[in-house]
Amino acid sequence: MGLPRMGGQGGNGGDVWVVAKKDLTVKRIKDKFPHKRFIAGVGSNSSIRALKGAKGGDVEISAPIGICVTTDDGRVLGELNHEGQRVLVARGGLGGSLHSEFLPSKGQARHIRLDLRLIADLGLVGFPNAGKSSLLMALSHATPQIASYPFTTLRPEIGKVMYEDHKQVSVADLPGLIEGAHINRGMGHKFLKHVERMKQLMFVVDVCGFHLASKTPFRSAFEAVQLLTKELELYKEELLLKPAVLVVNKMDLPDAEEKFRELETQLENQEEWSHFLPEDMIPKNFLHFKHTVPVSALTGLGLHHLKAVIRELLEDQETIESEKHHLEKLHELRREIPVVSKPVWGQLHPEPLNWK
């Protein structure tokens, strides 16, 4: 409340924030706050001793890095990509003042969702049983569950690829897509939401093709590439703007070399070969991979080259982003510098010059 006879102003209510903290999990938040209710402090009344009342205390909800804060209707309030980042989710009410007849206003009440989306340098994208988990284990120190049947990976797994100069690259093995993932079939949106946070994508396909079940059609390696592209495109077209590398796995299998050469030919002429595909499988825009790397996660074939390609692509991206940042800063500085017009000769010398 404000103080009418002295024109005093009451304190504002406290705000509620979500703050990114390192080494924190969603489970720890749920265990610590089972009621999931957070209330900020109430502002102090205005008084003769303190005409301006004190602001109510803020409340901070600690959350893991990678959280996207949304409302119940899906509106994004903010994202937490770095430690210490803050998102205001509910603002405290204003204290009473002359403009409100010294009556305070209520603060915001809001239901929010904390949606964790992984952040990694590279995301492995592929159909079940393409060998993504085996590839991650071969590239890094991660130990994902591996088996010879589809859908072994039920939750994302992150590994670190280490280089001799101690450079580290984080790689996320994500649950296998199936046809129709964009409409939430299979892992659907649980998988695709993580792809949004990856810096780059690594498409992983089985050189011999893919057959999920007896009732589903067999898909060749080329068809698998187009289906993966289509699923990402239907979910969110911007995902296809991310740099991507194609890894052709299981090169230790019989006839792998012949099938790989066939895939290379098809990828060089995607528009021409797409005429043999069903219409609903053809993406609007074909992905043209800068690198197509044949590997065998089982024998280690091609892994050294793949690690070099990963690093090259990430360093190229960092260079581009750094140059873009410098350009933006330069434009910003130019806008801040006042434009000084050139002086007119007559203004400097209003009288005619006498050359005698």
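Please read these numbers as outputs of a predicted model, since none were measured by experiment.
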message = Can you confirm whether the side chains of Asp252 and Thr299 place a donor and an acceptor under 3.5 Å from each other?
response = no
Got [X] and [Y] here, is their nearest side-chain heavy-atom distance under 4.5 Å?
X: Val247; Y: Leu135; answer: yes
X: Ile48; Y: Leu3; answer: yes
X: Gln85; Y: His82; answer: yes
X: Ser170; Y: Lys160; answer: yes
X: Ile112; Y: Leu114; answer: yes
X: Ile39; Y: Val59; answer: no
X: Val18; Y: Ser62; answer: no
X: Arg334; Y: Leu330; answer: yes

ask   = Does a salt bridge link Arg311 with Asp316, judged by any charged N lying under 4.0 Å from a carboxylate O?
value =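 Here Arg311 does not pair with Asp316 in a salt bridge, since their nearest N and O are not under 4.0 Å apart.
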message = Taking Lys167 first and then Glu312, would you say they form a salt bridge - that is, a charged N and a carboxylate O separated by under 4.0 Å?
response =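 No.
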query = Between Val205 and Leu228, does a side chain to side chain contact (heavy atoms under 4.5 Å, CB included) hold up when you go through it step by step?
reply = CA-CA 10 Å; Val205 297; Leu228 289 169; 4.2 Å; yes
remark   = Test salt bridge (charged side-chain N to carboxylate O under 4.0 Å, His left out), reference Asp15, set Arg110, Arg86, Lys55, output is Lys55
key: salt bridge (Lys or Arg N to Asp or Glu O under 4.0 Å) partners of Lys32, counting only residues at least two apart   = none
For the student: nearest non-hydrogen atoms of Ala172 and Ala120, plus distance =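 Looks like CB-CB, 4.0 Å.
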message = Would you say NZ of Lys307 has more than 12 non-hydrogen atoms from neighbouring residues, nucleotides or ligands within 6.0 angstrom?
response = yes
inquiry  = Check this for me: His304, atom NE2, are more than 12 non-hydrogen atoms of other residues, nucleotides or ligands nearer than 6.0 Å?
reply    = no
inquiry  = Pair Val171, Ile158 - check side chain to side chain contact (heavy atoms under 4.5 Å, CB included), show working.
reply    = CA-CA 6 Å; Val171 181; Ile158 291 186; over 6 Å; no
query = Would Ile310 and Asp121 count as a side chain to side chain contact (heavy atoms under 4.5 Å, CB included) if you check the C-alpha gap in whole Å, the side-chain angles of each, and the deciding distance to 0.1 Å?
reply = CA-CA 10 Å; Ile310 290 170; Asp121 296 312; over 6 Å; no
request  = Show your reasoning for whether ring-ring contact (aromatic ring centres under 6.0 Å, His included) applies to Phe218 and Phe210.
outcome  = CA-CA 6 Å; Phe218 170 81; Phe210 167 63; 8.6 Å; no
ask   = Same hydrophobic cluster for Leu240 and Val125, using side-chain heavy-atom links shorter than 4.5 Å among ILVMFWY?
value = yes
same_hphob_cluster(Met281, Tyr235) at 4.5 Å side-chain heavy-atom cutoff = yes
N/O donor-acceptor pairs under 3.5 Å from side chains in residues 258-271, not counting sequence neighbours:
unit_1, atom_1, unit_2, atom_2, d
Thr265, OG1, Arg261, O, 3.0
Asn269, ND2, Thr265, O, 3.3
Gln270, OE1, Gln226, NE2, 2.9
Gln270, NE2, Leu287, O, 2.8

message = Angle between ring planes, His305 versus His291, binned at 30° and 60°: parallel, tilted or perpendicular?
response = perpendicular
message = Just checking Phe289 against Phe203, ring centres under 6.0 Å apart?
response =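 When the ring centroids of Phe289 and Phe203 are compared, they turn out to be within the sub-6.0 Å range.
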